[in-house]
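All of these numbers come straight from a predicted model, not from anything done at the bench.
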Amino acid sequence: MSFNTSVAQVFERMAAMLELTGADKFRVNAHARAARSVGDHAGDLEPIAGDEKALTAIEGIGKGTAAKIAEFARTGTVAEHDELLAKVPPGLLEVLRVPGLGPKTVKLMWEQLKIESVDDLKATIADGSLAGLPRMGAKTIDNIADALAFMADSGKRLHAGVARPIAEMIRARLAEVPGVTRVAYAGSLRRGRETVGDLDFLVTADDPGAAMEAFRGMAGVEKVLAAGETKSSVRLALPELGGKRFSADDSASVQVDLRVVPAESWGAALMYFTGSKDHNVRLRERALKRGMTLNEYGLFEDDGGEGSPQSRGVVPVASATEEDVYGALDLAWVPPTMREDRGELDAADGGTLPELVTLDDIRAELHSHTTASDGVMEILESARIAKGRGFHTLAVTDHSKSSAIANGLSPERLRAHIGAIREADEEIKGISILAGSEVDILADGALDYDDELLGDLDVVVASPHAALSQDAKKATTRLLRAIEHPLVHIIGHPTGRLIERRRGLEPAMDEIIAAAVEHNVALEINAHWMRLDLRDTHVRAAAESGCLIAIDCDVHAPGDYDNLVFGVETGQRGWLTKELCVNAWSKARLHGWLKKGRG
DNA sequence: GCCGTTTTCGGCCCGACTGTTTTCAGTCG
């Protein structure tokens, strides 16, 4: 585990333990925020751990947390963290994760009933002693028991690639409900996050009650979690939704929230429901400073009246569209993919928001496989799909010899394959097919083919496939060596991580980026929703350094081209512009760049 | 514990829903 990840975990645990010991909630919040800042930071913090000035320059890191980072670098631990650990039973942190249980309740359970673990909690439910706590009625206990069962079943976040088709299905269903005039999904799915914890929907309707009822009665709803006038929450069983299996786990489910809002509040509500929470908090603070207040009904002048402005019939300054609300706060409209409180409001204030790369900008796929290795399409079949999407270039990059499991090509087979690619390129008009390889970066950073063969290729994507758990230093050296190779164009899925399944390499990303800039090499955002590698925070650091980025689908089958949206959104989350994205370049510019290292 | 167009102290977002309550605390997003 990298230094940054370790420190982030320390702060995260401290936040939870502080909460349970009844610490000031702002202090708790500060630790949680520090955890996020450190976890998101692209550069390795270990080398600068002694430099207070450098650390406190990071948003959310102050003198206190900087000292703890230094302490962790020096001693491998944080004394205050260890003291808390001695006080708070570790199992209690698990109890805190039960949906519906917050710090107040868990603390009470711990103090009054000596509950120190999920098992303890289950025992007090079984023997009836839990009912002895204040505000602990039969209904509440039922809900806790249900939440515990649900946690055991699932409770995991969904990959964006799984969540999106489900969301599209729900959107279509809601749009069919009589009287529903507008439907949108919001939340982390709209922000393009790599995983989502739940699905959030927003509708306007002539008959809000009917819309709510239709939502709660939807096929697949296994439990109604909340049913109010303007908001409902349900738990939706995933298997066989709409006749299609979304999960191999028969008990998997996802929470779906629906909010019905007045048409005139649409923009404010969409902002509120899109988040992120931290972005919204910043916006509301900004509103306050300007003598206004912002909520999901609109932006209101603060008139000093009692109660919420909308309940008193106050007309909002802005509310109908997101542009109106941002505009009334003297901000440019911020794309949802940027709403993470990572400096986007400063940019929106100063007129320096980047012009983000979009799906329509993409004109080339530079990482694709065919039946020659582990793909299911012939060269021309894939090329026709690429052409149909308006691409000017497709690079065929089958696996190299060390990827035996993926039917990697021996040098002889690759030479023959290059011939077949040239023939296909002759045959099809309107798109260029380039001969390439996804060549393995071996554990020591050497490439899987010799330079003579690599020099015959139009495109070299070098990717790590094996030895993905090597330590950070080795990983850094390995990737640097590949980047420095004069014939390499793109580093494919640089860390090799699989979201929620494999951590992958944890190289010093700032060094990798600096080398890529120096050697005119692009780092890939692999668009497959299980990879999204580089991840958004890495892309952000790369884009800031002027590093080239390739967004590629790593095509194996026809449907893989549709994953492009996830790659583009990851790029946007990293503030990537069209200028730095090689797939968005004109054919002439792209092909010119590909000549690098080749005479 | 962080932070600054009310800047080194004194703030720190806002509302819906539930369950247990006779007016609200806790949780969630």
Side-chain angles (χ1 to χ4, degrees), chain A residues 11 14-15 18-19 23-37 55-69 80 96-109 131 133-144 146-147 186-188 191 196-202 208 212 224-234 255-261 265 268-269 271-300 302 307-311 330 341 346 349-350:
Chain A
F11 284 143
M14 284 185 73
L18 284 166
E19 225 173 3
D24 173 61
K25 64 175 174 166
F26 297 110
R27 229 181 121 214
V28 173
N29 215 346
H31 280 84
R33 181 159 162 66
R36 199 170 66 90
S37 293
L55 288 179
T56 55
I58 300 167
E59 189 93 345
I61 305 296
K63 284 193 171 197
T65 39
K68 292 191 180 85
I69 295 171
E80 197 185 336
L96 197 54
R97 277 196 283 270
V98 177
L101 290 186
K104 296 269 169 56
T105 313
V106 174
K107 188 162 180 273
L108 202 63
M109 289 173 167
L133 289 181
R135 305 185 59 85
M136 194 58 71
K139 191 93 196 198
T140 303
I141 293 176
D142 264 4
N143 285 341
I144 294 171
D146 184 69
S188 43
R191 300 201 310 279
V196 302
D198 60 12
L199 302 175
D200 301 305
F201 283 86
L202 194 64
M212 285 294 186
V224 175
L225 300 167
E229 276 178 35
T230 66
K231 185 183 160 186
S232 286
S233 291
V234 301
Q255 182 173 327
V256 188
D257 298 334
L258 176 69
R259 191 76 186 257
V260 183
V261 298
S265 302
M271 284 171 68
Y272 159 76
F273 234 26
T274 297
S276 65
K277 193 176 185 299
D278 297 295
H279 178 84
N280 287 346
V281 168
R282 294 289 169 216
L283 284 174
R284 287 170 181 179
E285 285 171 355
R286 186 179 177 95
L288 279 182
K289 275 181 196 146
R290 287 157 188 259
M292 295 187 277
T293 180
L294 176 64
N295 60 35
E296 58 264 52
Y297 296 97
L299 180 67
F300 300 88
D302 185 4
S308 64
Q310 68 274 10
S311 67
D330 297 321
D341 186 28
D346 288 340
D349 189 355

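- B/dC9 and B/dA16: their C1' atoms are spaced 34 Å apart (whole Å).
- Across all strands, A/G187 comes closer than 4.0 Å to no nucleic acid atom at all (heavy-atom distances).
- Among the atoms of the strands shown, only primed sugar atoms or phosphate atoms (P, OP1, OP2) are found under 4.0 Å from some heavy atom of A/K63.
- If you measure from atom CZ of A/R286 to atom P of B/dT6, you get 11 Å, rounded to the nearest angstrom.
- Annotation: B/dT5 and B/dG1 have their C1' atoms spaced 23 Å apart (nearest Å).
- Look at the P atom in both B/dT20 and B/dT27: the space between them is 14 Å, to the nearest Å.
- At the heavy-atom level, A/L283 lies nowhere under 4.0 Å from the strands shown.
- Nearest-nucleotide assignment on DNA chain B puts the 5′-proximal partner with A/T65, out of A/T65 and A/D200.
- Regarding A/N29, its CG atom lies at a distance of 18 Å from the P atom of B/dG11, rounded to whole Å.
- Atom pair A/Q255:CD and B/dG29:C1' shows a separation of 10 Å (rounding to whole Å applied).
- In this structure, CG of A/L258 is placed 20 Å from P of B/dC28, rounded to the nearest angstrom.
- For the P atom pair drawn from B/dG4 and B/dC13, the interatomic distance equals 14 Å after rounding to whole Å.
- Comparing the P positions of B/dC12 and B/dT6 gives an interatomic distance of 14 Å, to the nearest angstrom.
- Contact check for A/H31 versus A/K68: side-chain heavy atoms found under the 4.5 Å cut-off.
- For A/R36 and B/dC2, the CZ to C1' distance is 13 Å, given to the nearest whole Å.
- A distance-only check finds a donor-acceptor pair linking the side chain of A/N280 to the backbone of A/Y272 [under 3.5 Å].
- At whole-Å resolution of the value, NZ in A/K25 and P in B/dG26 are 12 Å apart.
- Under the side chain to side chain donor-acceptor pair (under 3.5 Å) rule, A/D341 has a single partner from A/K277, A/R282, A/H279, which is A/R282.
- Between the CD atom of A/E19 and the P atom of B/dG26 there is a distance of 13 Å, given to the nearest Å.
- When atom types are taken as modelled, the side chain of A/T65 and the backbone of A/G62 share a donor-acceptor pair closer than 3.5 angstrom.
- Between A/L108 and A/P134, some side-chain heavy-atom pair lies under the 4.5 Å cut-off.
- Rounded to whole Å, the P atom of B/dT22 lies 14 Å from the corresponding atom of B/dG26.
- For the pair A/G62 and A/P103, nearest-nucleotide mapping onto DNA chain B gives the more 5' position to A/G62.
- Note on A/T105: a side-chain N or O is less than 4.0 Å away from OP1 or OP2 of B/dT27.
- The nearest whole Å value for the distance from the NZ atom in A/K107 to the P atom in B/dA25 is 16 Å.
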Quick one, give me the B/S/- string for nucleotides 12-21 of chain B, reading 5' to 3', where B means a protein heavy atom under 4.0 Å from the base and S means that only happens at the primed atoms, P, OP1 or OP2. BBBSSSSBS-
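- Taking atom P in both B/dC17 and B/dG11, one finds a spacing of 32 Å when rounded to whole Å.
- Between the A/S37 side chain and the A/E59 main chain, a donor and an acceptor come within less than 3.5 Å of each other.
- Nucleotide B/dT8 forms no Watson-Crick or G-U wobble pair with any nucleotide shown, as no partner meets the under 3.5 Å limit on both distances.
- Atoms CZ and CG, on A/R286 and A/D349 in that order, are 4.0 Å from each other to the nearest 0.5 Å.
- Side-chain contact between A/V261 and A/E296 is absent, with no heavy-atom pair separated by less than 4.5 Å.
- Between B/dT18 and B/dT23, the distance separating the two C1' atoms is 15 Å to the nearest Å.
- When the shell of 6.0 Å around CD of A/E229 is examined, it contains 12 or fewer heavy atoms from other residues, nucleotides or ligands.
- Taking side-chain N and O atoms only, A/K68 has a distance below 4.0 Å to OP1 or OP2 of B/dG1.
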